[in-house]
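This report refers to the structure that appears directly beneath it.
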Amino acid sequence: MFDDRARIHVVAGRGGDGSIHFRREKHVPKGGPDGGDGGKGGDVVVVADPALRDLSEFRRRRGVAAEKGEPGGASRRHGASGDDAGLRVPVGTQLVDADGRIVADLAHPGARVVIARGGEGGRGNARYATSTRQVPRFAETGLPGDELDLELRLKLLADAALAGLPNAGKSSLLARISNARPKVADYPFTTLAPVLGTVDAPGATRQLTVVDVPGLIEGASEGAGLGHEFLAHLERARLLLHVIDASEGDAEERWRTIDAELAAYGGGLEQRPQAVVLNKLDLLPEPPVFGIEDERIVRVFRVSAATGAGIDELKRGLFELCAPTEPEELVPDEEPLVDFLVYRPQPARRAWRILRTDRGFRVAGRAPEPEELEAALKAAGAHKGDEVEVGGETLEWE
Ligand SMILES: Nc1nc2c(ncn2[C@@H]2O[C@H](COP(=O)(O)OP(=O)(O)OP(=O)(O)O)[C@@H](O)[C@H]2O)c(=O)[nH]1
Ligand SMILES: [Mg+2]
């Protein structure tokens, strides 16, 4: 089965806590504060990996989390940053947020995007020393990292796409040449959603992907039949396999019908190279003739998906027509960018922080709603019995 959708929960690392520490030196009875800052939490980074074909890995994998930052240390020592967590997805994957917005489109090999940022580390008590407060017995806790639910959607990036009128035998052909097992039946619009298959070259030296889309009819470019949505899937294919039922009437006329729809749709489809596949050879006494001369028609195949006649030649031809692409060169110092990325507005720097004290925690600034505060304290590591100072009051954490 081909998986083109998955859901995943991503959590960036929490920042490390600042340290509460005082200098200890010989001859200095009361050293000043020297607690260092915590390190930043790791980010969650999504990378488009050309070695992956679909999202099946995410059937098992439900979440990904980056590492926490290390706490600060004595002598103003900074905590180490948490490691990033990498999430590899196939090229062509779009990341969709909980509101259904596409936040990133990873359409090129190596494209990468930071989808969840790690939290900042907390400041150590050394940073809180002032002339009037020489013994700060508190330090900031680290901030939590971004946490979000993502939907991954793979927009089909096929080498070739099957196009043609309903019932032409597109799904039968895909079943013949690939590992896919699409539904085949003797009525139009059997295929209702795109199906992707992988075709192995003899000796498994190469693979190609071929997508089968619902049949096109006159007016498809304006939404007739199953409409444009499926024409859009043809857009990312390098080659169109234009399948025609040669047992029924005039093949050339039917070629023109579909070609007019491709032209009306535009989006580059009107220029895309095509191979014409005259199918259902077994129903004809003589191999069909096809006289249209057009520079976009790179090859004409005569096959029967039913008997298998001509199928080997079609497969061989496919590998010739879809020559391996040059691996896109990755300039080492220049990371490829995602096609587009919508940054989620960062929450305004919060008006409060949680400080760690000798006996528990102190909430500095304007305290938030109780639920939010509770969650933040829990995440900061509050335990039963810890003291929590909020707005001049001291409570005990339950
Ligand atoms: N005799 C014969 N029948 C075929 C051949 N190829 C397909 N068929 C039959 O034609 C009918 C339609 O085949 P499909 O593969 O479902 O056609 P399709 O183009 O995918 O149709 P839609 O999904 O509706 O667009 C089925 O009954 C197939 O068994 C062939 O080479 N010879
Ligand atoms: Mg079909």
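Basis for what follows: all heavy atoms, side chains included, without hydrogens, waters or symmetry-related copies. Order of listing sets the numbers, starting from 1, for every ligand and every atom in it. We're numbering straight along the sequence, starting at 1.
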Report yes if some heavy atom in the side chain of [X] is under 4.5 Å from a heavy atom in the side chain of [Y]; otherwise report no.
{"X": "Arg137", "Y": "Tyr128", "answer": "no"}
{"X": "Arg302", "Y": "Val300", "answer": "yes"}
{"X": "Val195", "Y": "Lys183", "answer": "no"}

Could you tell me the residue and atom name of the protein heavy atom closest to [atom], and the distance to it rounded to 0.1 Å?
{"atom": "atom 23 (O) of ligand 1", "result": "Thr191 OG1, 2.8 Å"}
{"atom": "atom 17 (O) of ligand 1", "result": "Gly169 N, 3.1 Å"}
{"atom": "atom 31 (O) of ligand 1", "result": "Ala305 N, 2.9 Å"}
{"atom": "atom 12 (C) of ligand 1", "result": "Asn167 OD1, 3.1 Å"}
{"atom": "atom 7 (C) of ligand 1", "result": "Ser172 OG, 3.2 Å"}
{"atom": "atom 5 (C) of ligand 1", "result": "Lys280 CG, 3.6 Å"}

*What are the two closest heavy atoms between Gly360 and Asp386, and how far apart are they?*
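Looking at all heavy atoms of both residues, the closest pair is CA-CB, 4.2 Å.
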
*Interfacing atoms of ligand 1 (cut-off 4.0 Å, heavy-atom, Tyr187)*: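 Per the distance check, 24 (O).
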
*Group every Ile, Leu, Val, Met, Phe, Trp and Tyr by side-chain heavy-atom contacts under 4.5 Å, then state whether Leu106 and Leu52 land in the same group.*
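No: no chain of side-chain contacts under 4.5 Å links Leu106 to Leu52.
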
Between ligand 1 and [X], is the shortest N or O to N or O distance under 3.5 Å?
{"X": "Asn279", "value": "yes"}
{"X": "Val303", "value": "no"}
{"X": "Ala168", "value": "yes"}
{"X": "Leu283", "value": "no"}
{"X": "Ala185", "value": "yes"}
{"X": "Lys170", "value": "yes"}

*Have a look around the Mg ion (ligand 2) and list protein N/O/S atoms under 2.8 Å, or say none.*
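Short answer, with waters excluded from the count: Ser171 OG, Thr191 OG1.
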
_Test side-chain contact (heavy atoms from CB on, under 4.5 Å) on Leu173 and Ile311; report intermediate values, then the result._
CA-CA 8 Å; Leu173 274 174; Ile311 294 294; 3.7 Å; yes

Ion pair [X]/[Y], N-O distance below 4.0 Å:
{"X": "Glu120", "Y": "Lys40", "answer": "no"}
{"X": "Arg88", "Y": "Glu57", "answer": "no"}
{"X": "Asp34", "Y": "Arg23", "answer": "no"}

*Residue portion contacting ligand 1 (non-hydrogen atoms closer than 4.0 Å) for Val184*: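 Within the 4.0 Å criterion, Val184 contacts ligand 1 through backbone and side-chain atoms alike.
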
*Which is it for Asp282 and ligand 1 at heavy atoms under 4.0 Å: side chain, backbone, both or neither?*
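The answer is the side chain of Asp282.
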
*Can you check side-chain contact (heavy atoms from CB on, under 4.5 Å) on Asn167 and Asp245, steps first, answer last?*
CA-CA 8 Å; Asn167 232 25; Asp245 177 351; 5.9 Å; no

*Do Gln274 and Asp294 have side-chain atoms, one donor and one acceptor, less than 3.5 Å apart?*
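Short answer, no.
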
*Does Asp159 offer a backbone N or O that forms a donor-acceptor pair with the side chain of Thr209 under 3.5 Å?*
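Looks like yes, one N/O pair under 3.5 Å.
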
_Residues forming a ring-ring contact (aromatic ring centres under 6.0 Å, His included) with Phe319, sequence neighbours excluded_ =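 Scan of Phe319 (ring-ring contact (aromatic ring centres under 6.0 Å, His included), adjacent residues dropped) gives none.
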
